[in-house]
Amino acid sequence: MKNLFLNYGVNVTDKQLESFEKYYSILIEYNKMFNLTAITEKEDVYIKHFVDSVINVDKLVGEKLIDVGSGGGFPAIPIKIMREDINVTLLEATGKKCEFLKAVIKELDLKNINVINGRAEDLAKDSSYRESFDICTARAVARLNTLCEYCMPFVKVGGQFVSFKGNATEELEEGLNAIKILGGSVKQAYSYQLDGAGRTLIYIDKVKSTDKKYPRGNGKERKMPL
Ligand code: SAM
């Protein structure tokens, strides 16, 4: 599968490839019980989950990353496989998925990575997590306006939120108000093609501290997005 990564300009070592192989096996094994992904064919998993998670991994700057709504571990576990230097926190609301994530970490013997079973709206109010990460990532969790309210409070001023999206022109337009209110500024929207599908990485710089009233909680992030 090394060439699959290479086709998308991602260089992987033999050790990293071995970790991806193990990850694929555990994902398929647990998927029967935990419903982690609808994509199970090996090549599809490599392209749509693994490559998609690490396509621009060298661009990440900072020591501490939080991934909101990790589910089956994307993009955070592939990022950790590629970037041992980054300390990774996976935040996931569903307990069973957290069990799976812990099993992957153990099996792959990953270091400086931890799993928190909780909701972004709650954890973002905790002073030991609020504005304490250089990078926040999220893929397939919510529309951008809602997602920014979950994610921006975790990012330090000077840090960055990276949102992994499909075709995102409309969502980006819709999210600009939330981004501004929460102290963000769009640095770049990087678009690419993955197996015939349009994908976008939206890089949002944290330029100002987020007002303490965000996230609002009680489901307002989804019901009444900023
Ligand atoms: N990021 C993974 C991916 O790209 O495959 C999982 C995507 S899955 C569709 C969304 C995940 O986000 C679910 O596992 C869900 O439990 C979690 N989630 C949704 N809202 C959340 C919140 N507010 N806080 C923490 N996790 C959340």
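Indexing begins at 1, ligand by ligand and atom by atom, following the structure's order.
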Pairwise, report which nitrogen or oxygen atoms of ligand 1 are under 3.5 angstrom from protein nitrogen or oxygen atoms, and how far apart they are.
| from | atom 1 | to | atom 2 | distance (Å) |
| --- | --- | --- | --- | --- |
| ligand 1 | 1 (N) | Gly69 | O | 2.9 |
| ligand 1 | 1 (N) | Phe74 | O | 2.7 |
| ligand 1 | 1 (N) | Arg139 | O | 2.8 |
| ligand 1 | 4 (O) | Arg139 | O | 3.2 |
| ligand 1 | 4 (O) | Arg139 | NE | 2.6 |
| ligand 1 | 4 (O) | Arg139 | NH2 | 3.2 |
| ligand 1 | 5 (O) | Arg139 | NH2 | 3.3 |
| ligand 1 | 14 (O) | Glu92 | OE1 | 2.8 |
| ligand 1 | 14 (O) | Glu92 | OE2 | 3.0 |
| ligand 1 | 14 (O) | Lys97 | NZ | 2.9 |
| ligand 1 | 16 (O) | Glu92 | OE2 | 2.6 |
| ligand 1 | 16 (O) | Thr94 | OG1 | 3.2 |
| ligand 1 | 20 (N) | Arg222 | NH2 | 3.4 |
| ligand 1 | 23 (N) | Arg119 | NH2 | 3.1 |
| ligand 1 | 23 (N) | Glu121 | OE1 | 2.8 |
| ligand 1 | 24 (N) | Ala120 | N | 3.0 |
| ligand 1 | 26 (N) | Ala93 | N | 3.3 |

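Side-chain N or O atoms of Glu92 include one that pairs as donor or acceptor with a backbone N or O of Thr94 at under 3.5 Å.
Judged as a ring-ring contact (aromatic ring centres under 6.0 Å, His included), the pairs with a partner in residues 10-37 (not counting sequence neighbours) are, in order, Phe5-Phe20, Phe20-Phe50, Tyr23-Phe50, Tyr23-Phe74, Tyr30-Phe34, Tyr30-Phe100.
Counting non-hydrogen atoms of other residues, nucleotides and ligands closer than 6.0 Å to CD of Gln193 gives a total above 12. The local environment of CD in Glu21 is crowded, with over 12 non-hydrogen atoms from other residues, nucleotides or ligands closer than 6.0 Å. Annotation: Lys96, atom NZ; neighbour count of heavy atoms from other residues, nucleotides and ligands within 6.0 Å does not exceed 12.
Remark: Glu63 does not engage Arg83 in a salt bridge, criterion side-chain N to carboxylate O under 4.0 Å.
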